[in-house]
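One structure is given below, encoded as structure tokens.
Labels below follow one simple rule: chain letters A, B, ... track the order of the sequence lines, proteins then strands, and each chain is numbered from 1.
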There are 2 protein chains.
Amino acid sequence: MLKVPEHQVAGRQAIDGKLGPLIDNSGHFYKPLQDDDERGTRELTFYHSFSSNTRIPHHIRRFFPVFHGTQLLKASDGSGLRPHLVLQDITSDHLNPSILDIKIGSRTWYPEASNDYIQNCFHRDKTTTTVSLGFRICGLQIYNESGFWKPGRKLVRNFTADDVRSVLRKFVSSNVGPEPDCCFADSVYGGCDGILERLLELKTWFEDQTMYHFCSCSVLLLFDKESFLRGKTPFAEVKLIDFAHVVDGNGVIDHNFLGGLCSFIKFVSQVLADSKGSTMEDKF
Amino acid sequence: MLKVPEHQVAGRQAIDGKLGPLIDNSGHFYKPLQDDDERGTRELTFYHSFSSNTRIPHHIRRFFPVFHGTQLLKASDGSGLRPHLVLQDITSDHLNPSILDIKIGSRTWYPEASNDYIQNCFHRDKTTTTVSLGFRICGLQIYNESGFWKPGRKLVRNFTADDVRSVLRKFVSSNVGPEPDCCFADSVYGGCDGILERLLELKTWFEDQTMYHFCSCSVLLLFDKESFLRGKTPFAEVKLIDFAHVVDGNGVIDHNFLGGLCSFIKFVSQVLADSKGSTMEDKF
């Protein structure tokens, strides 16, 4: 039984007769290959290359969804059979995951792309936080006692630097009101199993690897309050997704991804430091 | 007695009746403030801010030319008295310095600039190595037995990634022919006083500082073979120059500079590793 992913926060959705990804009950995520452009082929090429690449360290492979090949499936838009990438559904282990989808890099285009594509990306990059912060939030859902807070696309697209800081605080709070308590900051962002440590591991790899340039790729942060309260590990995860615009690194590091990742790391560090500061203040 | 700098490798030059920087014999570099745009004012504002900024660590201040205020001087274009920035002439201690001027960042414009300025920079960034490598060589001179090798601006502007690798090898070689020997690589790039160690110090600061964004700023590498052969220290130096496009960091790290710097560090590391590899091969 295929169904529309419940926890998709960004990207094309399989609703209203449109083409989009599907999931099943056994933890698979089916992403349709599109025939209107080269995206699908490029993403498939990347997964093939990455799966068989023996130079990827084990601790880095963990950041990527497992790839199970391709499969012909009935497409969600009713257009009949279509090849789909079969990937790990990274939300399937989580009951009520809070999710942030962050597109990394101060540039989402690449020199080899068409002029129209570059101009479109260039405009979007300048009018979002992509150029100023080196990343932008593409979508999110944050679970709290009254359900999910999932702001609309237009709202997310207009996020400022301060909105980003606020979202990063709400992500680790028990409340999503104007004064988030950041009560999970220390456990989710901090510590040796925390998100910050994972991001620093990624950073170290990006300082060195010159095989791939991850244009327009996202870092997905998942945090499950229920898992946390039940002592389950990992209750917080960092994954990379969306490889439709990965290009050959040609012996050069992905300075665009690395710069954006460092900027994002600084934002997370600041939320963590502020939350520690306020906890200290509470104590005195 | 003011004169035209002998070792200027990039930027506007005080020749043919044009406006450009001048030097004296006491180690000062005089950079004219231009009245046709905001560059001069912005650079002056930066030097004032930076000089009085108590949050700049001592080991970082060393990377910047010393600022001695401004002075009214006869401009090199014959237009009469004009205010000049009075800076440290960073080449004055060197007899025959080999110099690389590397503009850091995959983007040389900033969102607050005019549309025309952005479009000009965008075009230049795409048609040089700025976008692909995260930096571009703006100018260079390399000293060897037959004098200086100083390729013209047009040649430098068309440098590819492979040209950049070749220049980085020639910079630390006794010859500038097609097969540079890299015999100074270990001393100049490597070691605890070497250029790589200095660049890593800079990188650590850029991972943290959110005060300034150094748009269109250059890293200058200086290496003096004579000083090296005489055992003088430092015989290799790293300086930052050109602050006409420094803007407020607004609490965000300079991910554009940082990403480009990391890419440049990787290039230097590779030349160093290759030269060690070939030395090892020579031994066996």
Side-chain angles (χ1 to χ4, degrees), chain A residues 104-107 109-113 115 118-119 121-123 125-135 160-162 164-165 199-200 203-210 213 215 247-271 273-274, chain B residues 104-107 109-113 115 118-119 121-123 125-135 160-162 164-165 199-200 203-210 213 215 247-271 273-274:
Chain A
I104 302 288
S106 66
R107 162 173 58 79
W109 53 273
Y110 41 101
E112 301 80 14
N115 230 4
I118 292 179
Q119 285 307 323
C121 291
F122 185 65
H123 177 74
D125 293 351
K126 265 205 304 181
T127 53
T128 59
T129 63
T130 288
V131 167
S132 55
L133 307 189
F135 64 87
T160 62
D162 281 339
V164 168
R165 289 187 184 98
L199 294 173
L200 290 169
K203 171 179 172 245
T204 302
W205 186 61
F206 271 94
E207 284 171 347
D208 188 54
Q209 77 85 16
T210 60
H213 283 195
C215 295
V247 294
D248 194 325
N250 286 320
V252 177
I253 66 163
D254 188 352
H255 48 86
N256 178 55
F257 191 97
L258 177 59
L261 182 64
C262 290
S263 176
F264 184 64
I265 285 172
K266 182 73 178 178
F267 270 74
V268 173
S269 309
Q270 282 167 335
V271 171
D274 290 352
Chain B
I104 303 287
S106 65
R107 161 174 59 81
W109 54 272
Y110 39 102
E112 300 80 14
N115 230 4
I118 291 178
Q119 285 306 321
C121 291
F122 185 64
H123 176 74
D125 293 350
K126 264 204 302 181
T127 54
T128 60
T129 64
T130 288
V131 167
S132 55
L133 306 189
F135 64 88
T160 63
D162 281 339
V164 168
R165 289 188 184 98
L199 293 173
L200 289 169
K203 172 179 171 245
T204 303
W205 186 61
F206 271 94
E207 284 171 347
D208 188 53
Q209 77 87 16
T210 60
H213 282 196
C215 294
V247 293
D248 193 325
N250 286 319
V252 177
I253 66 163
D254 189 351
H255 48 87
N256 178 56
F257 191 97
L258 177 59
L261 182 64
C262 289
S263 176
F264 183 65
I265 285 173
K266 182 72 178 178
F267 270 74
V268 173
S269 309
Q270 281 167 336
V271 171
D274 289 351

Subject >> B:Thr210 portion near chain A, given a 4.5 angstrom heavy-atom threshold >> reply: side chain
Original post:
What heavy-atom pair brings B:Ser106 and A:His255 nearest, and what distance separates the two atoms?
Top reply: CB-CE1, 3.8 Å
Original post:
Tell me, side chain or backbone of A:Ile265 under 4.5 Å from chain B's heavy atoms, or both, or neither?
Top reply: neither
Original post:
If you look at every heavy atom in B:Val131 and A:Arg107, which pair is closest and at what distance?
Top reply: O-NH2, 3.4 Å
Original post:
If you count heavy-atom pairs under 4.5 Å between each of A:Leu258, A:Asp208, A:Asn256 and chain B, which one has the most?
Top reply: A:Asp208
Subject >> Residue among B:Pro111, B:Gly251, B:Gly260 with most heavy-atom pairs under 4.5 Å to chain A >> reply: B:Gly251
Original post:
With only heavy atoms counted, which part of B:Leu261 is less than 4.5 Å from chain A, the side chain, the backbone, both or neither?
Top reply: neither
**OP:** With a 4.5 angstrom heavy-atom cut-off, could you sort out which part of B:Phe267 is near chain A: side chain, backbone, both or neither?
**Re:** side chain
Original post:
For the residue pair A:Val252 and B:Ser132, what are the closest heavy atoms and their distance?
Top reply: CG1-O, 3.8 Å
**OP:** For A:Ile253 and B:Lys266, work out which heavy atoms get closest and say how close.
**Re:** CG2-CG, 3.6 Å
Subject >> Region of B:Phe122 that comes under 4.5 Å of a non-hydrogen atom in chain A >> reply: side chain
